[in-house]
S.K.: 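Input: one structure, supplied below.
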Amino acid sequence: MTGGAGATRYAERLDRAAVVAGEAGLGALLATPGPDLLYLTGHAPPPLERLTLLVVAPGRGPVLLVPLLERPALASPAADRIEVLGWADSEDPYTVAAELLPPGPLAVTDQTWASHVLGLQEAAADRTFVAAGRAMPPLRAVKDEGELAALAKAASAADAAFADIVLVTFAGRREADVSADLADTLRRHGHQAVDFTVVGSGPNGTSPHHEAGERVIAKGEAVVMDFGGHLDGYCSDITRTVFVEQQPEEFDRVHDVVRRAQQAAFEAVRPGVPAEDVDRAARDVIDDAGYGEWFIHRTGHGIGLEIHEPPYIVAGNATKLEAGMTFSIEPGIYLPGRFGARIEDIVAVTDDGAVRLNEAPREPLAVR
Ligand code: ZN
Ligand code: ZN
Ligand code: ZN
């Protein structure tokens, strides 16, 4: 995501972050290298032992403290909005940072290294530090048009990868071989990074995050494939379940229940609906079919710069959905020792419902 509109976008995000922090009763939001810093400034230094710290406080301009040696390379489209300060290797960065902290509780972004949080706590021992994910509403949950376009592009590329993978040979090859094919095709369709390529054949499909391994895939087995990565900074994440030539016993029924559950959850999405109601919609279908015991995870997770981020589609999350939120809907049924079935799409909340960003076929496909 580049372009001349960038500077304005980051200025708006910085302003909004300061307002949200203020409304949450916080003195400041503190961000270290990671998705929040990237979102707020467009700046993506690697997370290191040297402290890089953005201080966003209501009623003040943002301040970015960086290691002095990184200052020349500082690349943020919002640089003219941010006061940049350097600390030298001979200084204690936490003592320098403590001087920049406004009064009030300080929210630290969730991805901040413990070494930095503990360093800040020691240097500002009279201050209260809290986790931003708990202390303030998520800043990145509602996506703007550019972000929605990026997520749609990543999803389409994942769909294209699925269209390719069903053409390869499964029977007689290891899960790891199909997994490598998946990674290749994700890259071929534009992904700059491949983050995961789950291939769970037969009983391995009952472990939702199964690491593809040495197991040789056989005819008559179901295979769960869950894969994704990064394309232009935004994430893809899709799951489809196929079978090798013949369906195992009960697979047709189980897959159909999962598909109906996924559809029911999709139809439950609209602005104002609590996130947990979408989970309930999927779970009700699976419970009614008698498989409730084997749906062993939440229905979905938000997605954006991170693969898992708010809103979480889970019982107990009363967060009301808003247009522009993006998340996965991925119910599954896992029959111990036999097979798993899961269908996952990324969806975006619209003004009156939702759209799917993934459109790969959802019927059970045969592979060879
Ligand atoms: Zn997962
Ligand atoms: Zn997934
Ligand atoms: Zn997912």
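Every heavy atom of this structure was used, including side-chain atoms; hydrogens, water molecules and symmetry mates were not. All ligand and atom numbering here is 1-based and tracks the order in the structure.
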S.K.: What N, O or S atom of E344 is found closest to the Zn ion (ligand 2)?
M.R.: OE1
S.K.: Side chains of T241 and H255 only: does a donor on one sit below 3.5 Å from an acceptor on the other?
M.R.: no
S.K.: Specify which N/O/S atom of D237 comes nearest to the Zn ion (ligand 2), by atom name.
M.R.: OD1
S.K.: Considering only N, O or S atoms, which atom of E330 is nearest to the Zn ion (ligand 3)?
M.R.: OE2
S.K.: Crowded around E91 CD? As in, over 12 foreign heavy atoms under 6.0 Å?
M.R.: yes
S.K.: Test of understanding: with side chain to side chain contact (heavy atoms under 4.5 Å, CB included), list the residues that count as partners of A125, not counting sequence neighbours.
M.R.: none
S.K.: Please walk me through it: do R298 and D279 pass salt bridge (Lys or Arg N to Asp or Glu O under 4.0 Å)?
M.R.: CA-CA 7 Å; R298 66 189 176 208; D279 178 80; over 6 Å; no
S.K.: With respect to the Zn ion (ligand 3), please indicate if D226 possesses an N, O or S atom at a distance under 2.8 Å.
M.R.: no
S.K.: Run the ring-ring contact (aromatic ring centres under 6.0 Å, His included) check on H116 and F129 step by step: do they pass?
M.R.: CA-CA 12 Å; H116 295 316; F129 294 85; over 10 Å; no
S.K.: Looking only at N, O or S atoms, find the one in H301 nearest to the Zn ion (ligand 3) and name it.
M.R.: NE2
